[in-house]
Amino acid sequence: MDNNWTSIKHFQIVAFSNNTDKSHIFFLIFFCIYMSGLLGNFIIISTVIIDVHLHTPMYVFLCNLSVVDIIFTSSTLPKLMDILLTRNFSISFTQCFTQLYFFMFAAGTEDILLSLMAYDRYVAVCKPLHYHLIMNKKKYILLLLGTWICGSANSVFMTVSIYHLDLCRSDKIQHFFCDIKALEKISCNNTSMHIILYVETMLLALCPFLLSVTSYIKIIRSILVIKSTNSRKKTFSTCTSHLTVLIIFYGTGLCMYMNPPSDHLEVQEHLEEQDLVFSTLYTAVTPMLNPIIYSLRNEEVKVAMKKTIICIVH
């Protein structure tokens with residue numbers, strides 16, 4: 001399909017254009033969020049790699065989650081910080097679509113990865129005697145490869161889909177990064193994109209979420225059967241960190257992408273403000289919180305992280 005994206009050399013990222021007097025404050029906030037997320041996730045990755053006791057499916061998945069979270073924040077926040085610091089709100093066509101690709105790649109990969117982590121906990125709790133047979137090294141490596149491939153393929157499809165839309169409304173993106181919803185809002189023939197976006201959300205967000213919920217329903221049923229209170233608490237404590245991450249990630253993601261379109265200006269402005277809040281939580285805050293949640297809620301990770309930090313310092 002012919003389109004006029006190629007005639008566009010720059011877009012304008014205008015989410016924070018009305019708050020130029022506060023841009024340095026916003027820069028410091030996002031800088032702290034970004035650096036905290038990077039540091040926390042790098043520590044998780046280093047801990048899993050260094051500590052041989054953590055070379056199990058659960059922690060290999062966690063290591064991959066940290067890699068995805070680094071891609072997540074690095075695809076959006078550095079450019080946003082540059083905009084806030086220089087007050088130059090333009091982003092080139094190439095930068096915009098590169099940002100879109102890596103953001104969609106990280107989002108899709110994390111969706112599937114979180115459901116795999118839930119399945120791993122289900123097997124560990126509900127089928128402990130068959131755990132090493134079901135989640136052997138070959139199987140979980142294949143699952144991880146499939147996850148990364150699916151995330152990449154989905155991102156290519158969505159990026160190409162938005163590229164084939166016709167731009168006619170504006171070159172101003174009402175967001176703090178090149179999000180797919182913000183780009184389709186400034187296109188003419190975006191009806192088909194609404195459908196694609198909802199189908200994509202159903203397949204790569206809602207379906208994995210339902211799989212995770214099913215896993216945790218079965219986990220909770222198994223835990224309730226355990227007679228010992230201490231054993232019950234110990235079993236559930238291995239799942240609480242992942243369950244917390246799951247709720248935050250999917251909760252903010254679904255709120256961000258499942259809002260219905262509106263032609264009313266006031267409603268549209270309200271939805272844009274709401275999208276901005278949920279997008280910040282989804283793309284910046286959640287990847288920063290993940291390593292904190294896992295290090296605070298998981299005793300094994302906490303002990304291993306202390307050893308890793310001591311090892312790095314010395």
> Please, which pairs that meet side chain to side chain donor-acceptor pair (under 3.5 Å) have at least one residue in residues 206-221, sequence neighbours excluded?
Replying inline: Y216-H242

>> Which residues pass the side chain to side chain donor-acceptor pair (under 3.5 Å) test with S66, not counting sequence neighbours?
In response: N41

>> With ring-ring contact (aromatic ring centres under 6.0 Å, His included) as the rule and sequence neighbours excluded, what pairs involving residues 44-78 come up?
In response: F72-F103, F72-Y282

> Sequence neighbours excluded, which residues qualify as side chain to side chain donor-acceptor pair (under 3.5 Å) partners of N136?
Replying inline: none

>> So, applying side-chain contact (heavy atoms from CB on, under 4.5 Å) with L65, which one of I44, L114, I70, V60 is it?
In response: L114

> Applying side chain to side chain donor-acceptor pair (under 3.5 Å), which residue pairs with at least one partner in residues 99-109 are found, sequence neighbours left out?
Replying inline: Y101-S152

>> Give me each pair satisfying salt bridge (Lys or Arg N to Asp or Glu O under 4.0 Å) with a member in residues 52-61, each pair once, sequence neighbours excluded.
In response: none

> Quick one: NZ on K185 to NE2 on H175, what's the gap to the nearest 0.5 Å?
Replying inline: 7.5 Å

> Would a hydrophobic clustering, with Ile, Leu, Val, Met, Phe, Trp and Tyr connected at side-chain separations under 4.5 Å, put V303 with I45?
Replying inline: no

> With sequence neighbours left out, what residues match V14 under side chain to side chain contact (heavy atoms under 4.5 Å, CB included)?
Replying inline: Q12, S17, K172, Q174

> Are V213 and L211 linked, directly or through other ILVMFWY residues, by side chains that come within less than 4.5 angstrom of each other?
Replying inline: no

>> According to disulfide (SG to SG under 2.5 Å), who are the partners of C178, at least two apart in sequence or on a separate chain?
In response: C96

> In chain order, what residues pass the side chain to side chain donor-acceptor pair (under 3.5 Å) check against Y122, with sequence neighbours excluded?
Replying inline: none

> Taking the hydrophobic residues Ile, Leu, Val, Met, Phe, Trp and Tyr, and joining any pair whose side-chain heavy atoms are under 4.5 Å apart, which ones share a cluster with L204?
Replying inline: I112

>> Quick one: does any side-chain atom of S161 pair with a main-chain N or O of F157 as donor and acceptor, under 3.5 Å?
In response: yes

> side-chain contact (heavy atoms from CB on, under 4.5 Å) between N64 and W148: does it pass, once the steps are laid out?
Replying inline: CA-CA 10 Å; N64 276 261; W148 287 91; 2.9 Å; yes

>> Can you confirm whether F30 sits close enough to T280 that some side-chain heavy atom of one is under 4.5 Å from a side-chain heavy atom of the other?
In response: yes

>> Once salt bridge (Lys or Arg N to Asp or Glu O under 4.0 Å) is applied, what residue pairs with a partner in residues 64-81 remain, sequence neighbours excluded?
In response: K79-D82

> Considering residues at least two apart in sequence or located in another chain, which fulfil the side chain to side chain donor-acceptor pair (under 3.5 Å) criterion with S74?
Replying inline: Y34

